[in-house]
Structures are given as C-alpha cells and as structure tokens.
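Okay, so here's the structure we're looking at.
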2 protein chains.
Amino acid sequence: MAKINDNGTLREANCSEELMAMRDSLEVLGGKWKLMILRFLTNRSHQVIYFKKMQREIDGISAKMLSKELKDLEANLLILREIQDTRPITVAYSITEYGKSVLPVTETLVQWGLNHREKIIISMTK
Amino acid sequence: MAKINDNGTLREANCSEELMAMRDSLEVLGGKWKLMILRFLTNRSHQVIYFKKMQREIDGISAKMLSKELKDLEANLLILREIQDTRPITVAYSITEYGKSVLPVTETLVQWGLNHREKIIISMTK
DNA sequence: GCTATCAGTTAACTAAAGGTTACCAGTAAC
DNA sequence: GTTACTGGTAACCTTTAGTTAACTGATAGC
C-alpha cells in the first residue's frame with residue numbers, strides 16, 4: 001500500500017492510521033450493548049446503580065449479556081464495580097473518569113440518531 | 001418505567017429517548033465495517049473509488065462483506081453507486097451529503113481510539 | 001489462444017455474538 | 001414453609017458475521 005500520494009503528501013498513510021484507530025475503538029466499544037451501558041451510567045452518575053436496576057431499565061438486555069458486557073467494560077477501566085455490604089448483597093456500578101471520555105462518542109451517536117429519525121419521518125410523510 | 005423523577009424532572013424519560021436514538025444509530029451504522037467504509041469514502045471524496053480499490057485498501061474485508069455493506073449503506077442513502085461506461089466496466093462509489101453527516105461520529109471514534117492506544121502504551125511502560 | 005482485470009455472486013462452511021431457560025445461594029417478608 | 005428479591009452462572013440454541021474457493025461475462029494485452 002502506497003504511503004505517498006502523487007502530490008507528495010502522506011494522506012493514505014494518515015488515512016490508514018485513522019482507520020486503525022477507529023478499529024481499536026470499535027474493538028473496545030463495539031457490539032450491541034457497551035455504548036448503551038456507558039451512556040446509561042453516565043446519565044445516572046448521580047445515582048447508585050445496581051445490576052437488576054440496569055437490567056430492568058436498559059430495554060431488552062438479558063442478565064447474561066449485561067454480566068458479560070460489564071466485565072469487559074470493567075477490564076477496560078471504563079466502569080467501576082463495588083460490592084455493597086447490604087442484605088441482600090447488592091453490587092453498585094458506576095462510570096469512571098476514563099469512562100466519561102466516551103461521552104463525546106455517545107453524544108454524536110445520540111444526535112445522529114435523533115436527526116436520522118427526523119429524516120426518515122420527513123421522507124415518509126412526503 | 002417512570003417518566004418523572006422524585007425531584008419532578010423528566011430525566012429518565014429523556015434518558016430513555018437518548019438510548020433509543022443511540023440504538024437507531026447503531027442499527028444503521030453498527031457492525032464491523034460500515035463506519036470504516038464511510039470514513040474511507042469521506043477521506044477519499046476527492047478521488048474516484050472503485051470496488052476493487054476499496055477491497056485492497058480496507059484492511060481485511062472480503063468481497064462478500066464489502067458487497068453486502070455497500071448495499072446497506074446505499075439503501076440508507078449514505079453512499080452513491082454509479083456504474084461507469086468504461087472497459088472493463090467499473091463501479092464508482094462516493095459519499096453522499098447525508099453520508100457526510102456521519103463524519104462527527106467517525107471523528108470522535110478516531111480521536112478516542114488514538115487516545116486509548118496512548119493510554120494502553122503508557123500503562124504498559126509503567 | 002492464454003491470461004488478467006473489472007465487479008461482483010454463489011455455495012458451503014466455520015466462528016462469533018447474542019438470546020433463552022433453568023438454576024444457584026443468601027436473606028427477608030409473610 | 002413459601003415466596004420473592006439479590007447477582008449472577010451454565011447449558012443450550014439461534015442468528016449474524018465472516019472465510020474460502022469457484023464462477024460469471026465482457027474486454028484488453030501479449
């Protein structure tokens with residue numbers, strides 16, 4: 001693959017680096033649920049969020065998937081897991097400072113989703 | 001699901017709407033390749049891009065997946081497909097104006113990926 | 001005539017992601 | 001004693017993603 005264009009710039013090399021960076025992001029944040037969970041915990045960072053509460057409020061997620069995704073996110077230092085000494089035992093999940101760095105990603109996705117829905121509604125009423 | 005919090009705000013309703021918008025985005029843009037393809041075509045919007053060229057330059061994609069993803073993206077009006085009257089016949093793909101609206105999404109993902117790689121390198125050298 | 005290029009498609013297959021159901025232990029209310 | 005809540009796990013199943021190799025048909029170069 002060429003690293004220098006006809007005009008002498010490094011555009012293709014930069015492009016490839018960009019695509020690699022995006023692939024990295026998608027590896028950590030990709031899949032059906034991870035960004036949803038991060039957004040949910042960011043929105044509720046002023047509350048204490050338990051496993052069952054998340055399962056009830058994130059539409060359609062199963063205990064298995066929630067459990068797996070939370071483990072992945074914790075391993076990547078994006079969320080914090082704290083076992084509370086209550087009866088019955090509860091486990092509190094919260095977003096970390098690093099997890100908050102994902103906010104711009106979810107924000108652009110929320111904005112694009114809202115805009116896309118509007119576009120679809122407009123194209124249907126025409 | 002409650003629509004009004006203890007303090008009388010509509011926070012949970014807003015949160016749910018946000019998550020729905022994000023789910024919409026992920027339905028159209030999700031998966032391993034769609035955002036990569038859109039980013040690639042945006043970066044190269046000053047060039048004419050053919051099928052084989054994309055297959056060679058987007059690392060790891062097969063003809064079958066590229067063909068399928070391009071169809072999906074075209075159906076969502078994000079890219080344009082034009083058959084050129086050349087010998088042999090070539091097919092040019094380009095980003096649409098609407099497709100360019102995805103740029104903020106890929107941009108935040110590229111930035112986050114670069115930052116994440118740096119964080120990982122730092123944590124390894126410690 | 002042989003080989004290569006273009007843009008794919010098709011079939012047959014494996015791998016990964018995600019969903020469903022049942023189940024566990026501990027505790028607390030009825 | 002029964003039910004219900006907590007936070008999960010294990011086994012199984014389905015769906016989606018992805019791979020590989022063979023093939024199309026027109027055309028151009030050697």
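Since we're looking at a predicted model, the values are computed, not measured.
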Dump the pairs, protein N or O against N or O of nucleotides 9-15 of chain C, anything under 3.5 Å, distances to one decimal.
{"residue": "C/dT9", "atom": "OP1", "partner": "B/Lys71", "partner atom": "NZ", "Å": "3.0"}
{"residue": "C/dT9", "atom": "OP2", "partner": "B/Ser67", "partner atom": "OG", "Å": "2.4"}

Tabulate atom names and distances for all N/O pairs under 3.5 angstrom spanning the protein and nucleotides 27-30 of chain D.
none

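Evaluation of the side chain to side chain contact (heavy atoms under 4.5 Å, CB included) rule for A/Lys119 yields B/Leu77, B/Tyr98 as partners, not counting sequence neighbours. Listed by chain and number, the residues in a salt bridge (Lys or Arg N to Asp or Glu O under 4.0 Å) with A/Glu118 amount to none (sequence neighbours excluded). Remark: B/Lys64 engages B/Ser62 in a side chain to side chain contact (heavy atoms under 4.5 Å, CB included) (not counting sequence neighbours). Applying the side-chain hydrogen bond (donor to acceptor under 3.5 Å, both in side chains) criterion to A/Glu97, with sequence neighbours excluded, gives A/Lys100. A/Asp72 is linked by a side-chain hydrogen bond (donor to acceptor under 3.5 Å, both in side chains) to A/Lys68, counting only residues two or more places apart in sequence or in another chain. Partners of B/Tyr93 under the side-chain hydrogen bond (donor to acceptor under 3.5 Å, both in side chains) rule, at least two apart in sequence or in another chain, are B/Arg81.
Computed from coordinates, the A/Met65 CE to C/dT21 C1' distance equals 16 Å when rounded to whole Å. When the P atom of D/dG7 is taken as reference, atom CD1 of A/Ile83 falls 11 Å away, rounded to whole Å. For the pair A/Leu66 CG and C/dG19 P, the computed distance is 12 Å after rounding to whole Å. Straight-line distance from the CD atom of B/Glu82 to the C1' atom of C/dC6: 17 Å, rounded to whole Å. Atom CG in B/Asp59 sits roughly 14 Å away from atom P in D/dG18 (whole-Å rounding). The NZ-C1' distance, from A/Lys53 to D/dC5, rounds to 15 Å in whole Å. Rounded to an integer number of Å, the gap from B/Lys52 NZ to C/dA4 P is 14 Å. One can place CD of A/Gln55 at 13 Å from C1' of D/dT9, the figure rounded to the nearest angstrom.
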Sequence neighbours excluded and cut-off under 3.5 Å, please list the side-chain donor-acceptor pairs for residues 102-114 of chain B, or say none.
{"residue": "B/Thr106", "atom": "OG1", "partner": "B/Arg39", "partner atom": "NH1", "Å": "3.1"}
{"residue": "B/Thr106", "atom": "OG1", "partner": "B/Leu103", "partner atom": "O", "Å": "3.0"}
{"residue": "B/Glu107", "atom": "OE1", "partner": "B/Arg39", "partner atom": "NH1", "Å": "3.1"}
{"residue": "B/Glu107", "atom": "OE1", "partner": "B/Arg39", "partner atom": "NH2", "Å": "3.0"}
{"residue": "B/Glu107", "atom": "OE2", "partner": "B/Gln111", "partner atom": "NE2", "Å": "3.2"}
{"residue": "B/Thr108", "atom": "OG1", "partner": "A/Thr108", "partner atom": "OG1", "Å": "3.4"}
{"residue": "B/Thr108", "atom": "OG1", "partner": "B/Pro104", "partner atom": "O", "Å": "3.2"}
{"residue": "B/Thr108", "atom": "OG1", "partner": "B/Val105", "partner atom": "O", "Å": "2.9"}
{"residue": "B/Trp112", "atom": "NE1", "partner": "A/Ser101", "partner atom": "OG", "Å": "3.0"}

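Under a 4.5 Å side-chain heavy-atom criterion applied to ILVMFWY residues, the cluster that includes B/Met124 comprises B/Ile120 as well.
Heavy-atom minimum distance, A/Leu78 versus A/Thr96: O-OG1, 3.0 Å. In terms of heavy atoms, A/Leu35 sits closest to A/Leu29 at CG-O, 3.7 Å.
In this structure, A/Met54 and A/Leu70 have side chains that are in contact, with non-hydrogen atoms separated by less than 4.5 Å.
For B/Val91, the side-chain atoms get nearest to C/dA7 when compared with the rest of C/dA7, D/dT19, C/dG18.
Looking only at distances, a side-chain donor or acceptor of B/Thr42 sits under 3.5 Å from a matching main-chain atom of B/Leu38. Looking at A/Thr125, its side chain does come within 3.5 Å of a backbone N or O of A/Ile121 through a donor-acceptor pair.
The residue among A/Ile61 and B/Ala92 whose nearest nucleotide of DNA chain C lies closer to the 5′ end is B/Ala92.
Annotation: proximity of residues 26-35 of chain A to DNA chain C (heavy atom, distance under 4.0 Å) is found for A/Gly31, A/Lys32, A/Trp33, numbered in ascending order.
Taking the C1' atoms of five terminal pairs at each end of the helix from C/dG1-D/dC30 to C/dC30-D/dG1, the two resulting helix axes are inclined by 10°, rounded to 10°.
At the heavy-atom level, B/Thr90 lies under 4.0 Å from the strands shown only through sugar-phosphate atoms.
The pair B/Glu69-B/Lys32 fails the salt-bridge criterion, with no side-chain N (NZ, NE, NH1 or NH2) lying under 4.0 Å from an Asp/Glu carboxylate O.
At D/dG8, none of the side-chain N or O atoms of A/Tyr50 fall inside 4.0 Å of OP1 or OP2 (strictly under the cut-off).
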